[in-house]
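Have a look at the structure below before the remarks.
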Amino acid sequence: MISTKTSTSLTLFSHNLEPPLFLIENCKSMDQLQQIHCQTVKSGLIRKPISQNKLISFCCTNESGDMNHALQMFNQISEPKSVFLWNTMIKGYSRVDCPKHGISMYLNMLKQDVKPDDYTFPFLLKGFDRDVGLSCGKKLHGHAVKFGFGSNVFVQNALIHMYSLCGQMEMARAVFDVSCKRDVITWNVIITGYNRMKQYDETNKLFDEMERNGMVPTSVTLVSLLSACSKLKDLEVGKRVHKYIQKCKVESNLTLENALMDMYAACGEMDVAVRIFDRMKTKDVISWTTIVSGFVNKGEIDLARDYFDRMPERDYVSWTAMIDGYLRVNCFKEALVLFREMQALNIRPDEFTMVSILTACAQLGALQIGEWIKTYIERNKVKNDVFVGNALIDMYFKCGSIEKAQRVFNGMPWRDKFTWTAMIFGLAINGHGEEALGMFSEMLRASIKPDEVTYIGVLCACTHAGMVDEGRKFFASMTTEHGVQPNVAHYGCMVDLLGRAGHLQEACEVIKNMPMKPNSIVWGALLGGCRLHKDVEIAEMAAKQILESDPDNGAVYVMLCNIYASCKRWDSLHDLRESMMHRGIKKTPGCSLIEMNGVVHEFVAGDQSHPQSKEIYLKLDKVMRDLEVAGYSPDTSEVFLDIGEEDKQSTLCWHSEKLALAFGLICSRPGVTIRIVKNLRMCVDCHRVAKLVSKLYDREVIVRDRTRFHHFRHGSCSCKDYW
DNA sequence: TTAGGGTTAG
């Protein structure tokens, strides 16, 4: 019989807990917990295991819990501790992402002769990844079996999860295959494992198998499946999942709606995605970001920005998605502006953001900002993974900083084929062809399989170093030795290689025999060879081929004009100029970028818009006079305007790279390297001027033009005047 | 006396 008194206390203090312990049920913070702790000490309740459990559980599982406090209380318990208490501590360490502490707890527990139970292993294995160590995971797997929990479904699920987090899908699958008491979570765990490893086909296969086994999927299964459809852009299966949800076989929730929307967005079906978005009762930051990145993927930057601006809250993923959007449409300066805004709002960027910003820096040649990002990553302990490493290498090379790129490469603990390809390509365009090929050999020795992009780098290295024989050999061996079929870009490289080296007939043969239709890049490469070797006939043929499919291609007209001018074919030049005027074809304006104190300055030919314009022109005038004293005379061979010699010379003076160069000389201290990025090929006169500047003012000048780098030092250029 | 596993956006 329960007395009246007892039943009153039951209503007052639910669960029959004594007053201080009851308070824990509603405890909100560590401050409150400590007060309750004091009361239990005063009242002597602390000696009861239930009090110890309640207090420690709060510290281990509550959002505001504190593991240090938990450990303090745990250590104060002198009598033998229950497995429950040990499990709670292990769980707490998993919650705060310290699985290593959890392992030490477990080892101490064994030392004190406490046996693990079926709860111990799931808590222990949670959050295990490659960093914690696969070998440790395997040992714990052994323990679980030894203690008799090898066929417990919770333990098995935890093991599958652990192996998949360690990237060991074969091990995960082995556990899955022998599991006899699979439940839907088992299926979900293995499916998400394959998703994590980007093996989306397996995801689909497993889903079919799951249905055949009569297992009813949960919303989590469908989210994973939709995620796979999104990555595979498999609209068909995606729509099937949508129908399945609509038939109410599964109750929808926010995550599922987000995943569905993402699937449609990834498949380019933004109408459907937006319709779902508009009908959603509650939206979170992921819903909004999904729409933003959906428009980003379609290149609809204005719509993406519109949604981005309307977001009620944004996190680092949203900002990165928008920054990425600007990269997609080649608006690199806008990407940097957005990054600065993000910084001003104190939103912490992650490694994805860093890769995006480094890409923008690479494109703009913004070395100072790039360096700043590198320091930021180091200081703020941003995850420095292989993607960040690759982006840093690319940024350094595209800024002409070879040694620093090599230093990043040497310091990388893990390299993938993109790392090697970035090295090969970077060394090649910076004029270190032989080192690039050395890298390629090293890559093969490291058993990394080259792909088609790697071979573009290899052929490019041969081209820039004028290594024709090697190029021919690599081109032949890419199929025979590594099974990489040459595509049109590889043929373009070969034509470029042969053309530059003056083997124009052989280049024509290559084009004649290629298995696919040559595109404008292939013909353009031939045209470039003709410019270098002054071959008017082949040039006219190549130009004709490009203009047939692209009659308004200004670059082709300009190139042909250059060739006529350098061959002194004035009549042909005159006719071509007429035809250009008639068709309204204009030369792409030359544009040069130079970064100064973290700001990217842009100059076009004849630019007077810069705030320091007056000073720049005065400086340029002074430089040209200095150079003349040193023996410079303008090279007007590439100026094809129908004007007098003097006017031709002043036209040359306004070239954007000269303006950038003058600006660089004004704004940087003596001895500092000047780096310029130019959108077109550097002209012969600017090349001559840069060489002399490097000698006369003892300055290293690095110019990246449309296809390669020019490192000017002591009066000569790394391209050996061959570009 | 109490506890367990799986999911979405760049």
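Please read these numbers as outputs of a predicted model, since none were measured by experiment. As a basis for the values below, the full set of heavy atoms in this structure was taken, side chains included, without hydrogen atoms, waters or symmetry mates. Numbers restart at 1 for each chain; the letters A, B, ... are given by sequence-line order, proteins then strands.
Counting non-hydrogen atoms under 4.0 angstrom, A:Asn53 reaches a base of the nucleic acid. Using a 4.0 Å heavy-atom criterion, one finds that A:Asn253 contacts no nucleic acid atom at all. Counting non-hydrogen atoms under 4.0 angstrom, A:Val189 reaches the backbone sugars and phosphates but no base. Among the atoms of the strands shown, none is found under 4.0 Å from any heavy atom of A:Arg182. Counting non-hydrogen atoms under 4.0 angstrom, A:Lys283 reaches nothing in the nucleic acid. Counting any heavy atom pair closer than 4.0 Å across all strands shown, A:Val292 reaches no nucleic acid atom. Heavy atoms of A:Asn297 sit nowhere under 4.0 angstrom from any nucleic acid atom. At a threshold of 4.0 angstrom between heavy atoms, the contacts of A:Ser57 with the nucleic acid are absent. Using a 4.0 Å heavy-atom cutoff across all strands shown, A:Asn195 reaches no nucleic acid atom at all. A:Asp118 comes within contact range of at least one nucleobase, with a heavy-atom separation under 4.0 Å.
Of all nucleotides listed (B:dA9, B:dG4, B:dT7), B:dA9 comes nearest to the side chain of A:Asp315. For A:Thr353, the side-chain atoms get nearest to B:dG10 when compared with the rest of B:dT8, B:dG10, B:dT7. Among the nucleotides B:dA3, B:dG10, B:dT8, the one closest to the side chain of A:Ser293 is B:dG10. Considering only side-chain atoms of A:Pro49, the nucleotide from B:dT1, B:dG4, B:dG10 that sits closest is B:dT1. Nearest to the side-chain atoms of A:Ser224 among the listed nucleotides B:dT7, B:dG4, B:dT8 stands B:dT7. Closest to the side chain of A:Thr218, out of B:dG10, B:dG6, B:dT8, is B:dG6. The side chain of A:Tyr316 lies closest to B:dG10 when the candidates are B:dG4, B:dT7, B:dG10. Candidate nucleotides B:dT2, B:dG10, B:dG6 were compared by shortest atom distance to the side chain of A:Ala321, and B:dG10 ranks first. Distance from the side chain of A:Val317 is smallest for B:dG10 among the nucleotides B:dT8, B:dA3, B:dG10. Of the candidates B:dG4, B:dG10, B:dT8, B:dT8 carries the atom nearest the A:Ser227 side chain, counting heavy atoms from C-beta on.
Atom NZ in A:Lys91 sits roughly 9 Å away from atom C1' in B:dT2 (whole-Å rounding). If you measure from atom CZ of A:Phe74 to atom P of B:dT2, you get 20 Å, rounded to the nearest angstrom. Nucleotide B:dG6 holds its P atom 10 Å from the CG atom of A:Asn188, rounded to whole Å. As rounded to whole Å, 20 Å separates atom P of B:dT7 from atom CE of A:Met263. What separates CG of A:Leu225 from P of B:dT7 is a distance of 15 Å, to the nearest Å. At whole-Å resolution of the value, CD in A:Glu351 and P in B:dA9 are 15 Å apart. Separating the CD1 atom of A:Ile160 from the P atom of B:dG4 is a distance of 20 Å, rounded to the nearest angstrom. Rounded to an integer number of Å, the gap from A:Leu260 CG to B:dA9 P is 13 Å.
At distances below 3.5 Å, at least one donor-acceptor pair connects side-chain atoms of A:Thr218 with backbone N or O atoms of A:Val220.
Side-chain contact between A:Asp350 and A:Arg348 is absent, with no heavy atoms from C-beta onward closer than 4.5 Å.
With hydrogens and angles ignored, a donor-acceptor pair closer than 3.5 Å exists between the side chain of A:Asn87 and the base of B:dA3.
Residue-environment remark: NZ (A:Lys283) exceeds the threshold of 12 foreign heavy atoms within 6.0 Å.
Ring geometry for A:Tyr93 versus A:His101: interplanar angle under 30°, hence parallel rather than tilted (30 to 60°).
A distance of 6.0 Å or more separates the ring centres of A:Phe308 and A:Trp288. The aromatic ring centroids of A:Phe295 and A:Tyr307 lie less than 6.0 Å from each other.
Residue ring and base: A:Tyr119 counts as stacked with B:dA3 (centre distance below 5.5 Å, interplanar angle below 30°).
Between A:Lys231 and the phosphate of B:dA9, there is a side-chain N or O to OP1/OP2 separation shorter than 4.0 Å. Side-chain N/O atoms of A:Arg196 include one lying less than 4.0 angstrom from OP1 or OP2 on B:dT7.
Across every non-hydrogen atom of A:Ser318 and A:Thr289, the tightest pair is OG-OG1, 3.3 Å.
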